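Computed from a prediction, not measured in an experiment: that's the story for all the values here. Letters A, B, ... mirror the listed sequences (proteins, then strands); counts begin at 1.
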There are 2 protein chains.
Amino acid sequence: MESKLRQHIEKLVPLTDDEYAFVEQHFTFKKFKKHQFMVQQGEPVPYNYYLLSGLTKLVYTDEATDKQYILAFAMEDWWDNDFQAYYTRTNATLSMECLEDTEALCLSLDSFHALRNGLPGIEHFFLEKVIAGFLAAQRRILSLMTSSAQERYEQLVAQHPSLVQRLPKTQLAAYLGVSRETLSRLDF
Amino acid sequence: MESKLRQHIEKLVPLTDDEYAFVEQHFTFKKFKKHQFMVQQGEPVPYNYYLLSGLTKLVYTDEATDKQYILAFAMEDWWDNDFQAYYTRTNATLSMECLEDTEALCLSLDSFHALRNGLPGIEHFFLEKVIAGFLAAQRRILSLMTSSAQERYEQLVAQHPSLVQRLPKTQLAAYLGVSRETLSRLDF
DNA sequence: CTTTTAGTGTGATCTACCTCACAACAAAGT
DNA sequence: ACTTTGTTGTGAGGTAGATCACACTAAAAG
C-alpha cells in the first residue's frame, strides 16, 4: 500500500530497502472526505501531500467577490499543496479541498528537511519533481497569454481527458479562467 | 569577477575553495550584444545561462500572427533559459534575446549533470532556485487569472521597479499580456 | 546631417468574454 | 417523499481590452 510511494520515487531514483524504510517513516497516512479542506486559506500548512487516491483542487478564493480561481487539480500519484505557505511556514493564501474522498501521505516540513539531509539522493527526486512543476506552470502561463477560452479547454481535454470527465463544468471553468456560462457555450 | 557566481551560490550553500573551483570549471564565459539571440526558437539549447550583467527576455513568438509573448525578463544575478528545451535536449520553443549587451556564464547540460553528481550539495542550491521559480510562476498564473491589466501593471511596478524603467512599454505589454495600446492608456 | 527604425499617444471600431437572470433537472440530505 | 443543494443551458446586455489607423518624437544608423 505505501509501496505506491516507493514506486513513485523509484521512477526517478533507486532506493535500497533501508533507504525506503527511512523515507517511509517520515510520512503519515490520512484520509479525507469529499468537501473537506486539507489546507485552508489563512491557516498554517503543516504538511505536504502525496495523494494515494481521490481528487483535490488547489484554489484561491477572492473574499470580496467570492470568486474561485483554481490553480491545480491533483489525483492519485500527484503532489499538491500551497507550497509557498508550507515551505515558508506562513499562513495559506490558497485552499486545498477534496472533490472526492481522498487518501494521502503527509510530510511535515521538518520531515522534509530531515529527508533531504539524511538521504541526499532524495534531493535528486525532489529536484526532478519541482522542475516538472515549474515547466508545467510555465506552459500554463503561455497558454493563458496566447490562447482563447475555447483553445484552453481543448488543451485541457487533450492533456487530461480523465479530469474533464470527472469534474463538473463549474470547476473546469474556474481552472481555465473563464466564466461557467462561457464554458457552457463553447464545449462540443 | 566569477566570484559573483560564488557569492550567488553561497547565499544558499557554503562552498570550500576546492568545491568552488570544481563548480567554476564547468562554466564558460560569453558576451552577447543587444539584439543578439542567446536561444533561438526551433534550435537546440546547449547552455543554461547565469547572467553577470545586461538584460534579456524569454519570449514566445506566434509565427502566424507575429505576436510576441514574454515569459520572463532576466538581469544580473538571474538565471534564464528555455529550460524545457535545454533539459530535454529538444529544440527551443522559446527565444532568449538580449535587450542590452549581456555577459553570461554558460553551463552545458553535461556539465550540469556532472556538477550534480560530483557535488551533491549543489542539488540543494538548484532545488532552492527551482522552487523559487516555480512559486513565482504560480503567482503569475494567479495574477493572470484574477487581475486586470491595470492591476498587473501595478504589481509589476511594485515588484520590479527597475525593470519598468529600463524597458520600453512595448516589451512590458508583451510581458503583461496586454496590447501596447491598452498599456499606454492605463499607465500614470 | 539625413534617413531609418524604435517608441509612444490617441481616436474609432469591434469582439470575446463577463454579468445578471431565469429555467430545468439531477443528486444528495433529512 | 420532499426539500435543499449542485449542475447545466441559454437569453440579453454590458465592458475590458483588442485591433486598425494615424501622428508625433526620439534615437540609431548610414
Tell me every residue that passes side-chain contact (heavy atoms from CB on, under 4.5 Å) with A/T170, counting only those two or more places apart in sequence or in another chain.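 Testing A/T170 for side-chain contact (heavy atoms from CB on, under 4.5 Å), a comparison that skips the adjacent residues, returns A/R180.
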[X] has an atom [atom1]; how far is it from atom [atom2] of [N], in whole Å?
X      : N      : atom1 : atom2 : answer
A/E100 : C/dA27 : CD    : P     : 15 Å
B/L183 : C/dT10 : CG    : P     : 13 Å
A/R166 : D/dG6  : CZ    : C1'   : 19 Å
A/L167 : C/dA27 : CG    : P     : 16 Å
B/Q165 : C/dT8  : CD    : C1'   : 17 Å
B/L176 : D/dA18 : CG    : P     : 11 Å
A/Q171 : D/dG6  : CD    : C1'   : 10 Å
A/K57  : D/dG6  : NZ    : P     : 11 Å

Could you list all N or O pairs between the protein and nucleotides 15-17 of chain C that sit under 3.5 Å apart?
from	atom 1	to	atom 2	distance (Å)
C/dC17	OP1	A/A149	N	2.9

How would you list, by chain and number, every residue that makes a side chain to side chain donor-acceptor pair (under 3.5 Å) with [X], sequence neighbours excluded?
X      : value
A/T146 : none
A/Q25  : none
A/S95  : none

Any pair with a residue in residues 156-184 of chain B that passes ring pair (Phe, Tyr, Trp, His ring centres under 6.0 Å), sequence neighbours left out, goes on the list, sorted by first then second residue, please.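 Ring pair (Phe, Tyr, Trp, His ring centres under 6.0 Å) check on residues 156-184 of chain B returns B/F73-B/Y175, B/W78-B/H160.
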Give the nucleotide from the list C/dT19, D/dG9, D/dT19 with an atom nearest to the side chain of A/K169.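 For the A/K169 side chain, the nearest candidate turns out to be D/dG9.
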Non-neighbouring partners of B/E181 that pass salt bridge (charged side-chain N to carboxylate O under 4.0 Å, His left out), sequence neighbours left out: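 B/E181 satisfies salt bridge (charged side-chain N to carboxylate O under 4.0 Å, His left out) with no other residue.
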When the C1' atoms of the five terminal pairs at each end define the local axes, what inter-axis angle does the helix from C/dC1-D/dG30 to C/dA28-D/dT3 show, to 10 degrees?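 That helix gives 50° between its end axes.
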Parallel, tilted or perpendicular for B/W79 and B/Y50, by the 30°/60° rule?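 Geometry flag for B/Y50 against B/W79: tilted rings.
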I would like to know whether A/D77 and A/H8 meet side-chain contact (heavy atoms from CB on, under 4.5 Å); could you show each step before the answer? CA-CA 7 Å; A/D77 216 42; A/H8 175 66; 3.6 Å; yes
Can you see if the side chain of B/K67 gets near the phosphate of D/dA18 - specifically, an N or O under 4.0 Å from OP1 or OP2?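 Indeed not, no polar side-chain atom of B/K67 lies that close.
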According to the salt bridge (Lys or Arg N to Asp or Glu O under 4.0 Å) rule, which pairs have a member within residues 127-150 of chain A, sequence neighbours left out?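 Matches after skipping sequence neighbours: A/E128-B/R116.
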What side chain to side chain donor-acceptor pair (under 3.5 Å) pairs are there with at least one residue in residues 26-38 of chain A, not counting sequence neighbours?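 For residues 26-38 of chain A: none.
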Per-nucleotide protein contact along nucleotides 20-30 of chain D, 5' to 3', at a 4.0 Å heavy-atom cut-off (B base, S sugar-phosphate only, - neither), is B----------
Suppose we screen for ring pair (Phe, Tyr, Trp, His ring centres under 6.0 Å). Which residues come up paired with B/F134, at least two apart in sequence or across chains?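 Ring pair (Phe, Tyr, Trp, His ring centres under 6.0 Å) list for B/F134, sorted by chain: empty.
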